[in-house]
Amino acid sequence: MRELAGKLLRMDRRVIFVLIALATLIPLLHPIGFPVRVSPEVKQVYDYIESLPPGSVFLLSLDFDPASKPELYPMAVALLNHAFKRNLRVVGMTLWVTGTGMAEKVVSGVASEYGKRRGLDYTFLGYSPGGTNVIINMGQDLTAAFPTDHYGERTADLPVLQGVKSLRQVNYVVSLAAGTPGVESWYLYGKEKYGFELGGGVTAVIAPGLYPFLDTGQINGLIGGLRGAAEYETLIGMKGKAVAGMDAQSATHFIIIGLILLCNLFYFLNPRTAVRSGSLREAGR
Amino acid sequence: MAPSVLLGAWVAAGLTLCMFSFLYKDNPFFRFGEHLYVGISMGYTIVRIYYDVMVKSLYTPVMQEGKWWFLIAAVLGLLVLTRFIPKISWLSRISFAVIVGFGSGVAIPRIISSNILQQVQGTLKPLLGNTGHSLFGMTQVNALLILVGVITVLVYFFFSIEHKGPIQVAARIGIYFLMINFGAGFGYTVMARMSLLIGRFDDLILFASREYGYATLVLLGMIAFGLFMWERGSTAPSGPDRDSRVNESDVPD
């Protein structure tokens, strides 16, 4: 057994890559259909959008680039579907220059599915330089921060922005963020001063750091990673890419947990490492 | 299907497979994909900045709307570039002074308010109890746990006194809280990386269909063949690219 443990500990790492690849591929080709449990923080975002009357202004800031697309793009699709279904006035924008094309595509793509007209029902403001300063500028005067939208139309003339002079008139802001500027920037430089309600959708890597903001009510809801996107898709009854990916996600987690447990077991079974850890204990005394 | 979409699918599938080829070992396909990625990202950023910043936020306001004071910001921006000319590089300090001064002035009060005061309030408030609510509910237990965590972690990072006696005990508890935090962070990071993998596999499966001319399968075969030929042509003796840490453990003590 100890010999086997030693051999397995020296296993080529490419075997692990193959295992992970299979665990990802098989559920994607043959979905299992694991249930998706909706967490309260995701439900809070959904509930807030549900509570908004038709015609309310919903600002979606797509603060990410293609590197985070698998996690945040499904969130954007789900949120836009929900907003258009609720007949909200949708304003899209981005604080990340490299995400501009992708952000425009998702906003206009979902809008066209609902037959929404650009300028009347929705707009995409595009990118404006300055990062967090853009948020401050939008809080003072939205048309000064974005004199024209992404398509070159004067924002002051857009029917969708009638009555919206600054962020104070925006009913709900959701930042889909893969880093900085993102949710925290929207809170620090936007919500705290201009008083709109703020929700977040973030990559799994930065989600743990935002839970303190959720607990204190600084953000009203949080959609975290692919799991959060799958939960939101479940809530709106639209099984999309996130739900489809959750089977693969669960399978890979199962493999990783199994490998961690096995490797730890083998580590202690291996005569060489057992002797070494024993000698270390001796040295510690 | 439009030829541009088909071409895009083949390029995307090919470059994805080039990047994945690194899992075998560092190779020319990976290096090609990596360099192309960096170049295209930079090229895209420059084009967007030209239109969104230079044209939309500078040229149009100045030339068409007469907002000449926008030139002050432009000059400050240009001064940063004087760093490349040693004789006048001191001029860049003016721009940096404005950036640092403005940035700090805006950020410091907000960070104190949001990341310190409101977080302290959020930590303590649930413990003070609300009218009509039990003082010993689960919310209070959670709040107490968070409070213990915050205090013990702070004690651990308090290096002005020696960690002895009760301080050592508190610091030790703080370490456990930190470990739980790191564990949660690692778990989420694994989830994020797997999500990225799922996203790429999703596209590769799509591009493997007949509609896209079996792009994934054809390119996978080509890259595998290319790697095989590259290995054969390699003059240096090559063995399995093992993890160096594993090799170290093989050496007898």
Side-chain angles (χ1 to χ4, degrees), chain A residues 9-14 17 20-21 24-25 28-29 65 67-71 73 97-98 100-101 126-129 132-133 136 147-148 152 184 187-189 192-193 203-209 212-213 215-218 224-227 241 244-245 248-249 252-253 256 272-273 275-276 279, chain B residues 20 23-25 37 41 44-45 48-49 51-53 56-57 60-61 65 102-103 106-107 110-111 113-115 118-123 125-126 142-143 146 181 184-185 187-205 240-243 246-247 249-250 252-253:
Chain A
L9 276 179
R10 286 191 297 275
M11 183 173 63
D12 194 323
R13 63 196 161 92
R14 279 168 289 205
F17 296 154
I20 295 291
T24 312
L25 259 180
L28 283 175
L29 293 169
D65 60 8
S68 313
K69 188 182 169 189
E71 285 182 283
Y73 200 84
V97 66
T98 44
T100 314
Y127 167 79
S128 186
T132 51
N133 297 332
I136 299 168
T148 58
E184 204 175 329
Y187 176 75
L188 279 173
Y189 302 102
E192 203 181 38
K193 190 165 182 189
T203 55
V205 175
I206 59 171
F213 287 87
D215 291 339
T216 52
Q218 289 167 291
L226 193 71
R227 192 198 62 160
K241 289 216 168 195
Q249 183 85 266
T252 51
H253 284 192
I256 290 167
R272 226 168 262 157
T273 49
V275 168
R276 187 179 293 170
S279 61
Chain B
F20 278 148
L23 295 177
Y24 172 65
K25 65 159 69 170
Y37 174 76
S41 304
Y44 181 79
T45 304
R48 282 252 62 95
I49 284 178
Y51 285 107
D52 290 333
V53 182
K56 209 162 130 183
S57 303
T60 308
E65 295 163 23
F102 177 79
V106 168
R110 296 198 181 281
I111 287 171
S113 157
S114 149
N115 289 13
Q118 289 204 43
Q119 288 298 317
V120 170
Q121 194 185 16
T123 308
K125 212 174 174 181
N142 281 335
I146 290 169
N181 180 44
Y188 266 104
T189 306
V190 169
M191 188 162 94
R193 300 296 173 250
M194 289 304 122
S195 303
L196 298 183
L197 182 70
I198 291 163
R200 287 295 78 218
F201 271 29
D202 210 32
D203 281 352
L204 287 177
I205 291 169
D241 185 29
R242 286 182 189 280
D243 192 327
V246 175
N247 287 334
S249 67
D250 292 341
D253 293 327

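Protein chains get the first letters and strands the later ones, always in sequence-line order, with residue 1 at the start of each.
Under the 3.5 Å distance criterion, the side-chain polar atoms of A/Gln218 are matched with a main-chain donor or acceptor of B/Ser114. Under a 3.5 Å cut-off, the side chain of B/Arg110 and the backbone N or O of A/Tyr189 do not form any donor-acceptor pair. B/Tyr188 contributes no side-chain N or O that, together with a main-chain N or O of A/Thr203, makes up a donor-acceptor pair within less than 3.5 Å.
Both the backbone and the side chain of B/Ser113 come within less than 4.5 Å of a heavy atom of chain A. Both the backbone and the side chain of B/Ile111 come within contact range of chain A, each with at least one heavy atom under 4.5 Å from a heavy atom of that chain. A/Ala67 touches chain B through backbone and side chain together, each having a heavy atom under 4.5 Å away. In this structure, chain B has no heavy atom under 4.5 Å from any part of A/Asp65. Only the side chain of B/Phe102 comes within contact range of chain A, with heavy atoms under 4.5 Å apart. Residue A/Phe17 touches chain B through its side chain alone, counting heavy-atom pairs closer than 4.5 Å. The part of A/Ala207 that comes within reach of chain B is its side chain, from C-beta onward, which places non-hydrogen atoms under 4.5 angstrom from that chain. Contact of A/Lys69 with chain B is not made at all, since no heavy-atom distance falls under 4.5 Å. At a 4.5 Å heavy-atom cutoff, B/Asn142 makes no contact with chain A through either its backbone or its side chain.
With chain B as partner, the option from A/Ala204, A/Pro70, A/Gly217 having the largest number of non-hydrogen pairs under 4.5 angstrom is A/Ala204. Of all the listed residues (B/Ala107, B/Ser57, B/Ala184), the one sharing the greatest number of non-hydrogen pairs under 4.5 Å with chain A is B/Ala107. Of all the listed residues (B/Lys56, B/Arg193, B/Glu65), the one sharing the greatest number of non-hydrogen pairs under 4.5 Å with chain A is B/Lys56. Looking only at heavy-atom pairs under 4.5 Å with chain B, the residue among A/Gly225, A/Gly209, A/Ala21 that has the most is A/Ala21. When the candidates B/Leu204, B/Val190, B/Leu197 are compared by the number of heavy-atom contacts under 4.5 Å with chain A, B/Leu197 comes out ahead. Of all the listed residues (A/Thr100, A/Ile20, A/Thr132), the one sharing the greatest number of non-hydrogen pairs under 4.5 Å with chain B is A/Thr100. In terms of non-hydrogen atom pairs under 4.5 Å with chain A, the most contact-rich of B/Val106, B/Asp203, B/Ile146, B/Ile49 is B/Val106.
Summarising the geometry, atom OG1 belonging to B/Thr189 is positioned 11.0 Å from atom CD1 belonging to A/Ile206; distances are rounded to the nearest 0.5 Å. We find the OG1-CG distance between B/Thr123 and A/Asp215 to be 9.0 Å, quoted to the nearest 0.5 Å. Residue A/Thr216 holds its OG1 atom at 9.0 Å from CD of B/Gln121, rounded to the nearest 0.5 Å. Put simply, CZ on B/Phe201 and CG on A/Leu25 are 5.0 Å apart, with the number rounded to the nearest 0.5 Å. Rounding to the nearest 0.5 Å gives a distance of 11.0 Å between OG1 of A/Thr24 and CG of B/Asp202. Of the inter-residue distances, the one linking B/Met194 atom CE with A/Glu71 atom CD reads 11.5 Å to the nearest 0.5 angstrom.
Of all non-hydrogen atoms in A/Thr98 and B/Ser41, the two that sit nearest each other are CG2-O, 4.5 Å. Of all non-hydrogen atoms in B/Tyr44 and A/Val97, the two that sit nearest each other are CE2-O, 3.7 Å.
Residues B/Asn115 and A/Glu184 bring a donor and an acceptor atom of their side chains to less than 3.5 Å of each other.
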> Is there a side-chain contact (heavy atoms from CB on, under 4.5 Å) between A/Glu192 and B/Gln118 once you walk through the steps?
Replying inline: CA-CA 11 Å; A/Glu192 203 181 38; B/Gln118 289 204 43; 3.0 Å; yes

> What's the verdict on side-chain contact (heavy atoms from CB on, under 4.5 Å) for A/Gln249 and B/Ile198, showing C-alpha distance, side-chain angles and the deciding distance?
Replying inline: CA-CA 8 Å; A/Gln249 183 85 266; B/Ile198 291 163; 4.0 Å; yes

> After noting the C-alpha distance and the side-chain angles of A/Arg14 and B/Tyr24, does the key distance pass the side-chain contact (heavy atoms from CB on, under 4.5 Å) rule?
Replying inline: CA-CA 7 Å; A/Arg14 279 168 289 205; B/Tyr24 172 65; 3.4 Å; yes

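Around atom OH of B/Tyr51, no more than 12 heavy atoms belonging to other residues, nucleotides or ligands sit under 6.0 Å away.
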